[in-house]
Amino acid sequence: GNFMKNITRFFMSTILFIAFQTQIFASNTVHYIGFNTLNSDDKESSGKIFDRYIHKLMPIMEKYEMSLQIFDVVHGGSEKLNADRVTIGSVKNMETFQAFFSDPDLQAILPMLDNALSEHQVVFTESSMEKSPTTKAHTLLSLSWLKGNGKQQEIATKAIDKSNKKIQHVFKNYGVNQLATTMGLMSNKGLGQQVQPTHAPQQLELWSMRDAHGFFDNKEVVASTLEIKEYIKRTENFWIKERVYY
């Protein structure tokens, strides 16, 4: 009914807005990360609804050759960006994305998503963050909003990279590996009529860590963190674990 028309229209209008504003999505692969917060009234029940939605979603995504990874959030999030499930995916181009959102099979299951979630945010990224974490290691998804803009952010990115390179020997000692890194292009928050643009993080990183506590307690890492703090306005960290669906 009206709900389905509204949610489809607003998903489509958001995607079209992104396509027209950035041009980068016009013919290239679209990459995105979804932050899904389950309804707090009954997270167990909401989680089951979300899982049923994913089971029904997968064959639809397969039809459009879309990829999807789902992660449980073990720890992390804030009032500004929260999540119980993180979804990382991609689709080959904007035309396919639009066709996917127009698919009647998808429209039929979207109310399940609305019932399961109290909050939903999506960050569109420059490149893919889809990597298979090592099962014996901890996985960290980190998002950073840099200070300034343009040239200042370019300087900040180089300074952060330089700081990381200085402590590569520490990374090795604690089994720390950067699985993926990319830039945020645009983001939005909400479902249905509540969809609104938000500020995308300039830098996103996916890390694998064998000994996370030892790494973050290391003196050189503490010093490096303080060193790059002046370039970062805000950081959101999510410790995540891949959720396997059969």
Side-chain angles (χ1 to χ4, degrees), residues 11-36 61 64-71 73 76-77 80-81 83 85-101 120-133 139-165 171 176-190 195-208 228 231-238 240 242:
F11 267 125
M12 290 294 290
S13 64
T14 302
I15 292 166
L16 288 170
F17 172 78
I18 291 167
F20 287 129
Q21 290 296 312
T22 66
Q23 294 297 311
I24 196 166
F25 292 143
S27 59
N28 295 351
T29 304
V30 180
H31 305 283
Y32 58 89
I33 302 178
F35 297 87
N36 306 277
M61 296 188 78
Y64 294 96
E65 299 178 10
M66 298 170 70
S67 60
L68 183 69
Q69 283 182 296
I70 301 104
F71 297 86
V73 175
K80 291 184 178 180
L81 184 62
R85 304 274 195 277
V86 169
T87 50
I88 301 178
S90 63
V91 56
K92 58 185 176 182
N93 54 44
M94 182 53 61
E95 286 182 357
T96 304
F97 213 1
Q98 292 170 0
F100 165 72
F101 277 110
H120 177 70
Q121 293 199 47
V122 178
V123 176
F124 292 89
T125 61
E126 185 179 55
S127 56
S128 176
M129 292 288 280
E130 294 175 89
K131 298 289 180 182
S132 294
T139 306
L140 175 67
L141 173 62
S142 181
L143 302 87
S144 297
W145 286 258
L146 306 179
K147 292 180 181 178
N149 48 50
K151 188 67 177 177
Q152 291 171 306
Q153 290 182 1
E154 188 179 326
I155 292 170
T157 301
K158 288 180 179 177
I160 293 168
D161 186 53
K162 183 179 178 181
S163 183
N164 282 337
K165 284 179 179 176
F171 285 11
V176 176
N177 293 292
Q178 189 177 73
L179 302 175
T181 182
T182 188
M183 290 176 58
L185 298 174
M186 294 191 76
S187 64
N188 63 59
K189 177 181 180 179
V195 170
Q196 54 185 292
T198 55
H199 293 291
Q202 286 80 24
Q203 188 167 328
L204 298 93
E205 300 167 308
L206 191 65
W207 296 87
S208 178
I228 65 176
Y231 299 102
I232 298 174
K233 187 191 307 181
R234 172 184 153 214
T235 299
E236 295 280 1
N237 290 314
F238 295 87
I240 57 178
E242 191 160 16

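This is a predicted model, so every value here is computed, not measured. If you read the sequence from its start, that first residue is 1, and numbering goes on from there.
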Looking only at atom types and distance, does a side-chain atom of [X] sit under 3.5 Å from a main-chain N or O of [Y], one as donor and one as acceptor?
X: Q152; Y: N149; result: yes
X: S90; Y: S67; result: no
X: S187; Y: T198; result: yes

What distance do [X] atom [atom1] and [Y] atom [atom2] have between them, rounded to the nearest 0.5 Å?
X: H199; Y: K233; atom1: NE2; atom2: NZ; result: 7.0 Å
X: L146; Y: E154; atom1: CG; atom2: CD; result: 11.5 Å
X: E242; Y: I88; atom1: CD; atom2: CD1; result: 9.0 Å
X: K189; Y: K80; atom1: NZ; atom2: NZ; result: 10.5 Å

For the residue pair [X] and [Y], establish whether any side-chain heavy-atom pair is separated by less than 4.5 Å.
X: I33; Y: L143; result: no
X: I160; Y: I232; result: yes
X: N177; Y: K131; result: no
X: T157; Y: Y231; result: no
X: R234; Y: L81; result: yes
X: S142; Y: T235; result: yes
X: M186; Y: N188; result: no
X: L185; Y: T125; result: no

Query raised in the report: If you measure only the distance, is there a donor-acceptor pair under 3.5 Å linking the side chains of E65 and T96?
Result: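 No, T96 and E65 have no side-chain donor paired with an acceptor closer than 3.5 Å.
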
Requested in this report: For a side chain to side chain contact (heavy atoms under 4.5 Å, CB included) with W207, tell me which candidate from L141, T139, V176 qualifies.
Outcome: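 Among the candidates, only V176 passes.
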
**Report entry** CA sep, side-chain torsions, deciding dist, call: K92, Y64, side chain to side chain contact (heavy atoms under 4.5 Å, CB included)
**Finding:** CA-CA 9 Å; K92 58 185 176 182; Y64 294 96; over 6 Å; no

**Report entry** Worked verdict on W145 versus Q202 for side chain to side chain contact (heavy atoms under 4.5 Å, CB included)
**Finding:** CA-CA 5 Å; W145 286 258; Q202 286 80 24; 4.0 Å; yes

Report task. Report the relative orientation of the aromatic rings in F97 and Y32; use parallel for angles under 30°, tilted for 30 to 60°, perpendicular for over 60°. Result -> parallel

**Report entry** Worked check of side chain to side chain contact (heavy atoms under 4.5 Å, CB included) between E205 and N164
**Finding:** CA-CA 12 Å; E205 300 167 308; N164 282 337; 4.2 Å; yes

**Report entry** Ring centres under 6.0 angstrom apart (F35, F238)
**Finding:** yes

Requested in this report: Inspect the surroundings of NZ in K158 and state if more than 12 heavy atoms from other residues, nucleotides or ligands are less than 6.0 Å away.
Outcome: no

